[in-house]
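All chains are named by letter (A, B, ...) in the order of the sequence lines, taking the proteins before the strands, and each is independently numbered beginning at 1.
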2 protein chains.
Amino acid sequence: MNDQNKQYLQIRNQLVAALAAERFKAQSKLPSERELSERYGCTRVTVREALMQMEAEGLIYRRNRRGWFVTPPRLVFSPTRKLNFMQMVDEQNRQGETRVASAEVVIGDADTCCELMLVPGEKIYEIIRIRSLEGRPVLYEFIYLSQSRFPDLLDQPLAQSLTVLLQDHYGERIAREQIRITSATIDPRATEALEVLPGRSGVCIRRCRLNPKGEPVERDVEYWLSDAIEVQVDTH
Amino acid sequence: MNDQNKQYLQIRNQLVAALAAERFKAQSKLPSERELSERYGCTRVTVREALMQMEAEGLIYRRNRRGWFVTPPRLVFSPTRKLNFMQMVDEQNRQGETRVASAEVVIGDADTCCELMLVPGEKIYEIIRIRSLEGRPVLYEFIYLSQSRFPDLLDQPLAQSLTVLLQDHYGERIAREQIRITSATIDPRATEALEVLPGRSGVCIRRCRLNPKGEPVERDVEYWLSDAIEVQVDTH
DNA sequence: TCCAACATCTGGTCTAGACCAGATATGTCA
DNA sequence: TGACATATCTGGTCTAGACCAGATGTTGGA
């Protein structure tokens with residue numbers, strides 16, 4: 001079967017053409033699946049194939065039970081540059097927003113304590129933040145720090161740059177990071193805030209941030225919508 | 001609807017349990033969709049939902065029209081370390097293989113010439129390699145280099161490390177790299193070799209490799225199966 | 001033994017419906 | 001005006017089939 005004989009690819013092509021013709025703008029809503037299936041004279045199954053194809057291409061995204069929307073440009077995320085989220089966002093002329101979903105003291109799990117070189121079961125901060133671009137939530141991050149090392153951290157303004165806070169308030173500087181990037185399913189705790197169904201895949205970035213002495217200071221586990229980000233790294 | 005009431009998640013859970021019970025090993029084939037639908041008393045559509053869920057989790061993968069298979073562990077890929085592919089593979093006790101799919105002189109496209117700082121339309125080498133782990137093709141890479149800078153390159157052994165070749169034969173050393181990582185659909189030229197359907201998403205890594213003077217030497221565009229790789233970067 | 005023809009098995013695509021649950025808009029009443 | 005109940009709209013899940021095309025295995029014949 002020639003690619004061009006696949007109905008869902010024909011529908012995809014027509015929708016792409018419509019998008020290119022700027023009849024739709026970033027974040028605008030596509031017609032409903034039922035409406036598209038009528039328009040193209042096929043079943044919803046086939047329309048959904050076309051939409052999921054475009055989703056895989058990063059052209060559109062879905063908000064759970066709300067509809068399909070046009071994907072905005074990716075944010076270029078450069079962990080090697082000493083820029084915080086808001087600086088990156090500004091530099092790329094985007095509108096960013098950070099919301100602290102929760103901030104509390106928890107018992108560290110084995111992984112986190114190991115990464116932070118703490119004794120298993122030690123108390124640590126867990127800060128959960130949600131970051132949005134032009135109103136679209138794109139990042140759900142878990143931040144872990146030692147409680148004893150950073151007393152009263154939860155009284156600080158946590159929606160701002162943690163790097164700056166650690167430096168200015170605690171005199172702790174981040175010198176380098178170990179970063180691991182994988183494609184993975186989005187953490188179940190993050191799906192609702194990111195408006196995706198449980199089980200959908202995204203980009204997982206785990207960071208262990210070290211001070212100049214090489215001691216681990218902070219552990220980050222970030223779940224990004226996969227169409228929202230391009231990671232850029234300069235090595236030397 | 002509670003998650004546990006979703007039939008496809010129940011099927012997923014049973015299959016995961018079966019995998020965990022080691023009734024299946026890495027790269028082994030799952031029963032066919034029709035057989036599973038009989039076993040679980042549902043339609044193929046529902047079985048496919050369960051399988052696609054597990055695919056998103058990186059537990060299984062499909063080979064186009066051949067069936068579903070258990071995913072082997074990810075390869076940890078560390079672009080910052082000065083290790084070539086085979087060294088990484090050995091270090092992780094994997095069996096790697098490199099095949100040169102094509103190597104020829106082409107007219108450089110705008111992007112590539114720009115990245116390599118060549119005049120648009122200049123002749124460049126395009127080397128296409130396929131890399132496999134335990135027989136499973138996981139990486140399709142396009143390599144671009146200036147023809148004039150590296151005469152007779154195509155007469156060299158191209159399945160081996162290019163870094164070593166450039167250094168030993170041409171005295172050109174790679175000092176640093178600019179790396180961009182995104183989730184993207186796999187290039188149509190790569191889908192057949194990677195045994196995936198056109199339009200499926202994977203991990204795209206684009207690298208621009210520079211010599212100590214900061215001059216671009218080599219451009220890589222790599223398409224990885226998304227379940228096959230974890231990128232690890234150390235910054236300072 | 002080797003290769004070509006053929007049959008079978010696989011996932012890929014598609015129809016034509018149905019019902020569900022969450023999101024949203026609407027309308028009513030205090 | 002503001003809060004709440006309700007109707008409607010959305011995508012999410014599922015049935016019960018069908019046919020297609022590529023991958024693979026089998027079978028004969030040279």
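Atom pair B:Arg65:CZ and C:dT10:P shows a separation of 14 Å (rounding to whole Å applied). Counting to the nearest Å, the C1' atom of C:dG12 and the CD atom of A:Gln53 are 13 Å from each other. Nucleotide C:dA21 holds its P atom 17 Å from the CD atom of A:Glu192, rounded to whole Å. Following rounding to the nearest Å, B:Phe69 (CZ) and D:dT24 (P) show an atom-to-atom distance of 8 Å. Going from atom CD1 of B:Ile11 over to atom P of D:dT13 covers 13 Å, rounded to whole Å. The distance from atom CG of A:Leu30 to atom P of D:dT10 is 12 Å, rounded to the nearest whole Å. Nucleotide C:dT10 holds its P atom 11 Å from the CD atom of B:Glu38, rounded to whole Å. Rounded to whole angstrom, the span from the CG atom of A:Leu197 across to the C1' atom of C:dG22 amounts to 11 Å.
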Problem - Trace of the side-chain contact (heavy atoms from CB on, under 4.5 Å) decision for B:Glu134 with B:Arg94 - result: CA-CA 7 Å; B:Glu134 291 91 39; B:Arg94 304 292 294 267; 2.9 Å; yes
Practice task
For salt bridge (charged side-chain N to carboxylate O under 4.0 Å, His left out), just list the numbers for B:Glu230 and B:Arg74, CA-CA rounded to whole Å, side-chain angles, deciding distance to a tenth of an Å, and then say yes or no.
Solution key: CA-CA 6 Å; B:Glu230 167 171 327; B:Arg74 291 174 192 267; 5.3 Å; no
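As judged by a 4.0 angstrom heavy-atom cut-off over every strand, B:Thr43 is placed among the base-contacting residues. Within the nucleic acid shown, A:Ser32 comes within 4.0 Å of sugar-phosphate atoms alone, with no base atom in reach, counting heavy atoms only. At the heavy-atom level, B:Arg62 lies under 4.0 Å from the strands shown only through sugar-phosphate atoms.
Comparing A:Gly41 and B:Leu51, the nucleotide of DNA chain C nearest to each residue sits closer to the 5' end for B:Leu51. Residues B:Cys42 and B:Arg34 each lie close to DNA chain D; by heavy-atom proximity, the contact nearer the 5' end of the strand is made by B:Cys42.
Screening A:Leu145, A:Thr112, A:Ile143 for a side-chain contact (heavy atoms from CB on, under 4.5 Å) with A:Ile124, the sole residue that qualifies is A:Thr112.
A sub-4.0 Å separation between OP1 or OP2 of D:dT13 and a side-chain N or O of B:Thr46 is absent. At D:dG11, none of the side-chain N or O atoms of A:Arg44 fall inside 4.0 Å of OP1 or OP2 (strictly under the cut-off).
Of all nucleotides listed (C:dG11, C:dT15, D:dT13), C:dG11 comes nearest to the side chain of B:Arg48. Each of C:dC14, C:dA21, D:dT24 was ranked by its minimum atom distance to the side chain of B:Arg63; first place goes to D:dT24. Of the candidates C:dG12, D:dA23, C:dT15, the closest approach to any side-chain atom of B:Arg66 belongs to D:dA23.
A side-chain N or O of A:Glu57 and one of A:Gln53 form a donor-acceptor pair less than 3.5 Å apart.
Aromatic rings from A:Tyr223 and A:Tyr140 are positioned such that their centres are separated by 6.0 Å or more.
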